[in-house]
Structure formats: C-alpha cells, structure tokens
Amino acid sequence: MRARREAIAVPLVVATWNVNSVRAREARLLAFLERSRPDVLCLQELKTEDAAFPLEAVTRLGYHAAVYGQKTYNGVAILAREAPADVKRGMGDGDADPQARLIEARVRGVRVISAYFPNGGEVGSEKWAYKLAWMEGLRAHLAATAVPGEPFALCGDFNVAPEDRDVANPESWKDTVLCHPDAREALARIAASGFEDAFRRVRPEPGLYSWWDYRMLGFPKNDGLRIDHVYATAPLAARTAAAEIDRNERKGKQPSDHAPVLVTFQD
DNA sequence: ATGGTTGCTTAGCAA
C-alpha cells in the first residue's frame, strides 16, 4: 500500500531559533524575519510574559504569533505567515510543569511544536533528572497524540547534540548534559516514535553548529554544538530539500548564543 | 574544581 501523500503547500520553510530573551533580541528578530522570511519560526527562551512579546512589530512584518511566555525564564512561541490554528500550550491536560517549554499549533496543514528542552545543569543533579523526565514525558505525549501519516515538525532547542559529528570538540564535551549517552538515548527514543532529523537528511557533513557558549571564547574558537533541531515525520521529512544554519546571526553586537536553523520542504 | 559571559533582576540564578 502506498503511503498517503498529505496535501502540503510547498515550498515550506521552517526555522527554529533560541533567541535568549525576545526583548533583548527584538531588533535582531525583526531583521531576521525580513531577511529570511520563513513560513514558520519557532522561538525559545523568550524570557518574558506574553504581554511583553513584540506582537505588533512582528504583525507589521506579516507574521502571526502563538506565544507561551513566562517571566524571567523559558518561554516559547510559533510565528507564522499564516494564522496558527489549534494552539496548545504545554503537553495537555495533566501537564503540571510550571515551566513554559512547549507550544503547539497547526500551520498550513502541518502540526508544529516549538520546544525548549531542559538544559540539565550538571549530570547527576536535580536538573539532570528533570531533563530526562521531561524528555520521557515528551515521548509519551507524542505517542499519545500521534496521528498516522500526519506531517509534523518538532522544532526547538533540544539541548542535545545527537552525535559526535555535531560537536566541534567531542572530547571536551564528552558526558556533559548536552552529549551524555542518557540524553542521546532519550532523544533517540523520541525519534523512534516516528521522527527524523530533517537537517541531517540533506546536510550530513561535520562542522555545522547552532550554539556557542558566550564564555571561554566559544564562538571565536568555533567551539560549537548542534543542539537546535527540526525533526519531521515521514510525509514531511521525505520532502526535505535544503537546510542551513544562519551562522552570521551569531556575529556582531548582542547576538543570541544560538543561531537560527532553517529547513526547506519542497516536492 | 573552576572559570568565562550574558540576561533578568538588582544578588543570585540559569544557561
């Protein structure tokens, strides 16, 4: 039996970017939208409540926004050129997590999630346990809400570098929260529920990173990791045509410590 | 083990 081909309007450009405070990054966010014009942009680490999100400014550029903000920490959003539908904040009923780390919407027939996975602090800490539990909770949530054959883009700051080729200096990052085998295994279990790393489908080469620590000259030394991802279910992943990381966005004055990741889906 | 930097909030936490 042939897999059902969902009607997806393509080309579709899906981007994800941890902005590390949407207020501190407003000018850069607007410049990025004008420059790249993604159809969908998933944001993480807004670090502000909904009321302080620059809604008018993004609206002027032709974007709609579904926002799940939080004071000081976390906060996620989905911006889209078409109005997002079926917006859901958190992982649904019974999700008691007070941290705003996940928002979902339907855009142009595609289910989209913007997720800010927990960093994990130090391996063995309470934050580490929270990270692994959160990831297992996401896996269970995805399994419980999965619709067979549905085009679905799971995007965000996963705070996991899936493989050593995603790390400039794997030895120095070995067994840290971003590279630990338990975190990689937790991500693999999420992927096993029907997702593929769309970026790697078309960009297998090493040397591609999305985050560089502000400290220790991370960016000047290119001590980077690829921890921001666009995962997609088969109907979408099969259409992956191009992927890039906007490394230039990490340059200049007052950058986020993350660069935007963009994936183009096309028939 | 600590350091180094940035953002939010104003001393300390989170990343």
Side-chain angles (χ1 to χ4, degrees), chain A residues 16-32 42-55 57 67-77 90 97-103 114-135 138 155-162 166-180 182-184 186-187 209-229 245-261:
Chain A
T16 186
W17 188 17
N18 178 324
V19 289
N20 186 19
S21 169
V22 73
R23 285 176 290 163
R25 225 66 63 202
E26 178 175 344
R28 278 184 176 263
L29 169 62
L30 299 177
F32 172 75
C42 294
L43 297 174
Q44 301 86 37
E45 278 209 89
L46 305 180
K47 293 188 170 181
T48 187
E49 293 167 305
D50 291 12
F53 186 89
L55 187 59
V67 180
Y68 184 25
Q70 180 182 334
K71 180 181 169 67
T72 310
Y73 305 116
N74 309 309
V76 287
D97 191 346
Q99 303 190 31
R101 293 186 175 275
L102 188 137
I103 189 169
S114 176
Y116 176 43
F117 288 37
N119 171 282
E122 298 289 329
V123 171
S125 67
E126 277 187 26
K127 287 177 189 168
W128 173 244
Y130 170 67
K131 176 179 192 165
L132 296 179
W134 191 94
M135 292 178 74
L138 176 60
C155 311
D157 175 1
F158 289 18
N159 268 314
V160 181
D166 300 309
V167 187
N169 299 296
E171 278 309 309
S172 64
W173 290 91
K174 181 179 167 61
D175 291 340
T176 64
V177 292
L178 304 180
C179 300
H180 194 279
D182 291 354
R184 287 176 168 175
L187 179 55
Y209 314 119
S210 65
W211 174 81
W212 300 258
D213 202 315
Y214 284 129
R215 300 164 292 187
M216 303 298 286
L217 301 173
F219 189 68
K221 290 156 72 174
N222 196 28
D223 184 15
L225 294 87
R226 195 178 67 93
I227 59 175
D228 299 270
H229 304 294
I245 297 174
D246 186 358
R247 195 176 187 282
N248 286 332
E249 182 52 53
R250 184 63 174 77
K251 300 176 181 174
K253 296 179 68 170
Q254 286 192 290
S256 169
D257 44 354
H258 297 252
V261 177

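Residue numbering restarts at 1 for every chain, and letters A, B, ... go by the order of the sequence lines. Note that the coordinates shown come from a computational prediction; the quantities given were computed from them, not determined experimentally.
For the P atoms, the distance from B:dC8 to B:dG4 is 22 Å, rounded to whole Å. To the nearest whole angstrom, the two C1' atoms, one in B:dT10 and one in B:dA14, are 16 Å apart. Taking the C1' atom of each, B:dG7 and B:dA11 are spaced 14 Å apart, rounded to whole Å. With P as the reference atom, B:dG3 and B:dC13 are 14 Å apart, rounded to whole Å. Between B:dT2 and B:dT6, the two P atoms lie 22 Å apart (nearest whole Å).
Relative to the side chain of A:K47, the nucleotides B:dG7, B:dT9, B:dG4 differ in distance, and B:dG7 lies closest. For A:M216, the side-chain atoms get nearest to B:dG3 when compared with the rest of B:dG7, B:dG3, B:dT9. Of all nucleotides listed (B:dT5, B:dA15, B:dC8), B:dT5 comes nearest to the side chain of A:Y214. Here B:dA15 is the nucleotide among B:dA15, B:dC8, B:dG7 with the atom lying nearest to any side-chain atom of A:K127. Closest to the side chain of A:R23, out of B:dC8, B:dA15, B:dA14, is B:dC8. Considering only the side chain of A:N119, B:dA15 comes nearest among B:dA15, B:dC8, B:dC13.
With salt bridges taken as basic N to acidic carboxylate O contacts below 4.0 Å, one links A:D213 and A:R215.
Mapping A:D213 and A:N159 onto DNA chain B via the closest heavy atom, the residue that lands nearer the 5' end is A:D213. For the pair A:N18 and A:L46, nearest-nucleotide mapping onto DNA chain B gives the more 5' position to A:L46.
A heavy-atom distance below 4.5 Å is found between the side chains of A:V177 and A:K131. The shortest side-chain heavy-atom distance between A:V160 and A:R184 falls under the 4.5 Å cut-off.
At the heavy-atom level, A:R250 lies nowhere under 4.0 Å from the strands shown. A:Y116 comes within 4.0 angstrom of the backbone, heavy atoms only, and of no base.
Side-chain contact annotation: A:D223 with A:W173, donor-acceptor N/O pair under 3.5 Å present.
Looking at A:Q254, A:H258, A:Q44, A:K47 one by one, the single match for side-chain hydrogen bond (donor to acceptor under 3.5 Å, both in side chains) with A:N20 turns out to be A:K47.
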